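Below you'll find the structure, written out as structure tokens, and then a few comments.
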Amino acid sequence: MDWDNLRFFLALARTGTLVNAARTVQVDHTTVSRRIQALEKQMGVPLFAREASGHRLTEAGRHLLPQAEAMEAAFLSIESSSLVTQEGLSGLVRVGVPEGLGTQVLAAPLAELARQHPSLVIDLLALPRLVHLSRREADIVISLERPTRGSVVVTKLSDYVLRLYGARDYLAQHAPIASMDDLAEHTFISYVDDLLFSKQLQFLESFFQPQHFGLRSTSVLAQYQAVRAGAGLAILPAFIGDRDPALVQLLPQQAQFQRTFWMSMPAEIRHLARVQAVWQFLRDVARKPQSGLLPQPE
């Protein structure tokens, strides 16, 4: 299969129109159209539905999209390694990530990467809110929801697990928890509902309706500290909760949730060596067992 055709496929899938796709890959829109037609002929199925507002992926196109993105990520990784070897790394890369992931998993490795490349500057925006590529707030963004708009390169970074935790001291002073019914006797720590920055954080309401909250916060780190202080129970990422011996995981069969981190960057900067290198570095860090993101076998 011709990689160039897939490159045009990704551009059209991300932008939705021939004109915008052509601008992304810096060719005439007729070239994009011709390449898409060649790919559809090769695949034997239409990949886009032509509509008045632009081009929409068909079911076959949606099936091809993650495979094409995986090929793109592999290509960028190879190209990045070559460029780093030849040129070294220099300049600024700004990375926007959810607060917990940034502080607990990525800060130390990124600092080490910058130490290895003195001319490279990394800004880590670890915030309890969305960081927007469209506003150019960052070069690389890790988010809880897969971006669906704009000319961006997207890859699935990693799944991660959340669990219910309580502090050992708190549990020693309160009624034991052996079943879901026992939770009614306990205080909870959670997010502020009307300030949630992602629907992927709405796990507590589908699991249990607390009668009392000890603290609600927009910050997962504030929630974590409140749990450690014995203010109540909370659902926390396992990469935070499992690392703290002061916390105990509760109801492991019922209180376990899985979410996904997605990583994206503007398509127009994907060829920059420093951006490619940080992109691949983040993928490597997230997929190491010591990151704590992926569930480990019991």
Side-chain angles (χ1 to χ4, degrees), residues 1-15 20-27 35 64-98 101-102 105-126 131-143 146-158 260-288 291 293:
M1 182 174 292
D2 189 336
W3 161 244
D4 274 344
N5 288 343
L6 286 174
R7 186 165 62 91
F8 286 96
F9 165 78
L10 286 172
L12 184 55
R14 289 163 178 161
T15 62
N20 288 336
R23 185 177 299 115
T24 297
V25 293
Q26 298 181 330
V27 298
R35 290 283 195 162
L64 177 61
L65 182 60
Q67 300 176 62
E69 289 176 338
M71 291 182 65
E72 179 183 54
F75 173 80
L76 289 174
S77 175
I78 295 170
E79 189 176 53
S80 174
S81 298
S82 173
L83 287 169
V84 170
T85 300
Q86 296 171 15
E87 303 174 7
L89 291 179
S90 63
L92 170 66
V93 178
R94 180 165 287 182
V95 182
V97 301
L101 178 69
V105 177
L106 299 179
L110 284 173
E112 175 60 20
L113 178 66
R115 187 192 67 79
Q116 295 172 7
H117 300 276
S119 296
L120 176 67
V121 178
I122 298 176
D123 284 354
L124 179 61
L125 311 184
V131 177
H132 297 276
L133 281 181
S134 60
R135 301 175 190 169
R136 305 311 298 266
E137 292 181 330
D139 301 304
I140 297 172
V141 167
I142 298 173
S143 58
R146 189 187 194 283
T148 57
R149 301 177 62 184
S151 180
V152 296
V153 177
V154 183
T155 190
K156 177 179 176 179
L157 182 65
S158 177
T260 300
F261 286 125
W262 297 93
M263 186 163 65
S264 56
M265 64 176 167
E268 64 265 25
I269 66 170
R270 68 186 185 276
H271 295 301
L272 295 178
R274 64 182 184 276
V275 176
Q276 291 179 26
V278 174
W279 175 276
Q280 185 59 38
F281 182 80
L282 291 169
R283 285 167 59 94
D284 293 343
V285 169
R287 295 174 186 187
K288 290 179 179 178
S291 73
L293 295 181

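Quick caveat: nothing in here was measured; it's all calculated off a predicted structure.
Listed here is the closest heavy atom pair of Trp279 and Val153: CH2-O, 3.6 Å. The minimum heavy-atom distance linking Val105 with Ser291 is given by the pair CG2-O, 3.7 Å. Between Ala68 and Leu6, the closest heavy-atom pair is CB-CD2, 4.2 Å. Taking both residues in full, the closest heavy atoms of Gly96 and Ala138 are given as N-CB, 3.8 Å, listed atom of the first, atom of the second, then distance. Pairing each heavy atom of Val154 with each of Ser264, the nearest pair is CG2-CB, 4.1 Å. Taking both residues in full, the closest heavy atoms of Asp123 and Arg94 are given as OD2-NH2, 2.8 Å, listed atom of the first, atom of the second, then distance.
Residues Val278 and Leu89 have side chains not in contact (no heavy-atom distance under 4.5 Å, counting atoms from C-beta outward). Contact annotation: the side chain of Val141 never approaches that of Met263 to less than 4.5 Å [non-hydrogen atoms, C-beta and beyond]. Pro109 places a side-chain heavy atom less than 4.5 Å from the side chain of Phe281. Side-chain contact between Val97 and Leu125 is absent, with no heavy atoms from C-beta onward closer than 4.5 Å. Residues Pro98 and Ile142 are in side-chain contact: their nearest non-hydrogen atoms beyond the backbone lie under 4.5 Å apart. Using a 4.5 Å cut-off on side-chain heavy atoms (C-beta onward), Leu282 and Leu110 make contact.
Between the side chain of Arg14 and the backbone N or O of Ala11, no donor-acceptor pair lies under 3.5 Å. Side-chain atoms of Thr15 come within 3.5 Å of backbone atoms of Ala21 as a donor-acceptor pair (strictly under, hydrogens ignored). Side chain of Gln276 to backbone of Arg270: a donor-acceptor contact under 3.5 angstrom is found. Proximity of a side-chain donor or acceptor of Arg146 to a complementary backbone N or O of Trp262 within less than 3.5 Å is not detected. Glu137 places a side-chain N or O within donor-acceptor distance of the main-chain N or O of His132, the cut-off being under 3.5 Å.
Atoms CZ and OG, from Arg274 and Ser90 in turn, are 7.0 Å apart once rounded to the nearest 0.5 Å. Note that the CG atom of Leu106 and the CG atom of Leu293 stand 7.5 Å from one another [nearest 0.5 Å]. Taken to the nearest 0.5 Å, the CG atom of Leu92 stands 13.0 Å off from the OG atom of Ser119. We find the CE-CD1 distance between Met265 and Ile140 to be 6.5 Å, quoted to the nearest 0.5 Å.
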Next item on the list: Show your working on side-chain contact (heavy atoms from CB on, under 4.5 Å) between Glu69 and Thr155 and close with a plain yes or no.
Entry: CA-CA 7 Å; Glu69 289 176 338; Thr155 190; 5.8 Å; no
Next item on the list: Please step through side-chain contact (heavy atoms from CB on, under 4.5 Å) for the pair Asp139 and Val95, ending with a clear verdict.
Entry: CA-CA 6 Å; Asp139 301 304; Val95 182; over 6 Å; no
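Residues that satisfy the side-chain contact (heavy atoms from CB on, under 4.5 Å) test with Arg136, not counting sequence neighbours, are Pro266, Glu268, Ile269.
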